[in-house]
Protein chains: 2
Amino acid sequence: MLQNGIAKSVLNRLPLYLEYLIDLKEIEGYTGYVSATKIATDLELGEVQVRKDLAFVCKSGKPKLGYNLDALTERIKEYLGCNEPKKAIIVGLGKLGSALFGYEGFEKYGIHIVEGFDLENKEYEHIPIKKFNKENLKEFLKNESIDIGIICVPKNVAQEVCDILVEMNISAIWNFAPIRLKVPKNVLVQNENLAYSLSVISSIITNKQ
Amino acid sequence: MLQNGIAKSVLNRLPLYLEYLIDLKEIEGYTGYVSATKIATDLELGEVQVRKDLAFVCKSGKPKLGYNLDALTERIKEYLGCNEPKKAIIVGLGKLGSALFGYEGFEKYGIHIVEGFDLENKEYEHIPIKKFNKENLKEFLKNESIDIGIICVPKNVAQEVCDILVEMNISAIWNFAPIRLKVPKNVLVQNENLAYSLSVISSIITNKQ
DNA sequence: TATTTATCGGTATAAATTTATCGATAAATA
DNA sequence: TATTTATCGATAAATTTATACCGATAAATA
């Protein structure tokens with residue numbers, strides 16, 4: 001299925017390319033042009049696949065040279081929306097929520113986690129976390145323009161939190177609760193489940209022996 | 001590509017089915033038989049897809065009724081290796097590492113995180129974390145049989161940690177460092193990057209408006 | 001007991017994704 | 001300037017994944 005004209009599979013690889021290209025410049029001091037051949041070798045992907053992927057966002061490949069590193073990087077950033085900063089909030093500051101709240105790695109992609117909400121009175125690195133209740137959250141979302149809601153609450157509360165976010169016109173939800181959230185079609189839900197990933201690993205090594 | 005005779009796409013959905021089936025029994029009190037039709041509706045998947053997926057692990061579907069809930073649950077558990085407990089360690093007890101270390105959700109899939117290692121002297125809920133250095137880690141892995149290594153260190157140390165794990169014959173690595181680890185073919189590496197997932201969300205909402 | 005019904009599971013088809021092939025092209029080299 | 005070379009980008013083929021269709025079947029119902 002195509003997502004805004006780009007294949008899902010391609011979109012999922014774009015952040016990988018971006019990370020790679022940024023490191024290529026910043027860590028390895030690479031400048032000028034980079035070929036699909038090199039990218040493919042380094043990332044252990046097919047050469048043709050890389051070329052096709054890049055063709056989705058960038059039309060500037062030159063025979064014999066490859067792609068202009070800076071231009072390519074910029075085009076992927078643009079496509080991924082890194083240049084249009086987004087605001088996110090986290091609801092549920094348990095272990096995982098707190099880890100995400102403090103993670104600096106999202107900034108690179110233009111995403112700022114601006115606030116956290118929790119049922120209990122908590123603080124994060126001496127900054128008090130906002131108390132979670134329906135009124136509080138609604139009030140906050142009324143005044144701030146938030147793009148992404150990150151749900152890190154237990155599964156029995158997740159739908160309730162989701163409903164508030166939807167009611168306040170959030171664009172997207174990143175859901176860590178192991179539950180299928182019910183939302184209107186115009187709201188994007190991305191489910192993330194770390195236990196599932198680990199379970200897949202466990203399965204593969206179980207069936208290998 | 002098939003992974004031990006099962007399609008990758010199918011394997012990735014099995015934990016989802018398992019979670020669903022467990023909840024169906026434990027939370028909703030469901031007993032007896034469950035049909036692919038019901039599963040598909042609840043999980044918002046195609047009915048045929050569910051039937052095909054289940055056919056990979058279970059041959060016991062009955063017309064008009066569906067699958068025996070307990071038998072199906074058991075077969076998926078078996079396939080995912082939940083019945084053959086695995087031991088894992090985490091290297092790197094930063095925010096994310098600590099969150100994973102304390103996460104109870106893995107037990108359901110038969111995975112026990114038995115130890116954590118960090119460069120700094122840390123403790124987790126009053127239990128001291130082992131000091132990470134090459135000798136320490138090697139010594140530990142020599143005495144304990146560990147199946148899965150979880151890498152949560154910064155990217156510039158990740159390969160070094162990986163090499164130690166490989167040297168000590170680990171079966172699988174779950175890698176949270178945004179770097180492509182070099183390992184021999186017999187070692188399974190599963191990369192996980194939360195920033196990538198979030199970036200994809202950001203991209204979709206950017207290009208929608 | 002005959003009929004209806006819901007669902008399974010096999011075969012066939014379609015869609016998405018990956019991989020292969022190759023002529024065209026721009027730079028590097030002779 | 002002619003030739004060689006590495007890479008792009010288009011077209012085609014192969015593979016993987018998802019969906020459609022339908023006869024067979026076991027339970028429920030008449």
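Here is the naming used below: chain letters follow the sequence lines, and residue numbers restart at 1 for every chain.
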To the nearest angstrom, how far is [X] atom [atom1] from [N] atom [atom2]?
X	N	atom1	atom2	result
Lys38(B)	dC8(C)	NZ	P	13 Å
Ile6(B)	dT17(D)	CD1	P	11 Å
Asp53(A)	dA10(D)	CG	C1'	16 Å
Phe56(B)	dG10(C)	CZ	P	12 Å
Leu54(B)	dG10(C)	CG	C1'	16 Å

- Positions of residues 42-50 of chain A (non-hydrogen atom under 4.0 Å from DNA chain C), listed by number: Val48(A), Gln49(A)

- DNA chain C contacts among residues 61-79 of chain A, heavy-atom distance under 4.0 Å: Lys62(A), Pro63(A), Lys64(A), Leu65(A)

Does a nitrogen or oxygen in the side chain of [X] sit under 4.0 Å from OP1 or OP2 of [N]?
X	N	answer
Arg13(A)	dT18(C)	yes
Arg51(B)	dC8(C)	yes
Ser9(A)	dT18(C)	yes

Of all residues at least two apart in sequence or in a different chain, which pass the salt bridge (charged side-chain N to carboxylate O under 4.0 Å, His left out) check with [X]?
X	answer
Glu74(B)	none
Lys52(B)	none
Glu44(B)	none
Asp147(A)	none

Is there any ring-ring contact (aromatic ring centres under 6.0 Å, His included) pair reaching into [range], and which pairs are they, with sequence neighbours excluded?
range	answer
residues 140-164 of chain A	Phe117(A)-Phe140(A)
residues 157-181 of chain B	Phe106(B)-Trp174(B), Trp174(B)-Phe176(B)
residues 147-168 of chain B	none

- Note on the structure: Of the candidates dC8(D), dG10(C), dT7(C), the side chain of Lys52(B) sits closest to dG10(C)

- Item | Terminal helix-axis angle for the helix from dT1(C)-dA30(D) to dA30(C)-dT1(D), with five pairs defining each axis and rounding to 10 degrees | 0°

- Query: Which salt bridge (charged side-chain N to carboxylate O under 4.0 Å, His left out) pairs, counting each pair once, include a residue from residues 150-173 of chain A, with sequence neighbours left out?
  - Reply: Lys138(A)-Glu167(A), Lys155(A)-Glu19(B), Lys155(A)-Asp23(B)

- List for me each residue that meets side-chain contact (heavy atoms from CB on, under 4.5 Å) alongside Ser203(B), sequence neighbours excluded, and say none if there are none. Leu11(A), Tyr79(A), Leu80(A), Asn207(B)

- Residue pair Thr206(B) / Lys86(A), side-chain donor-acceptor N/O under 3.5 Å: yes

- Spatial distance of atom CD1 (Ile90(A)) from atom CD1 (Ile113(A)) [nearest 0.5 Å]: 4.0 Å

- Task: Would you mind classifying the nucleic acid contact of Lys59(A) as base, sugar-phosphate or nothing, using non-hydrogen atoms under 4.0 angstrom?
- Result: sugar-phosphate

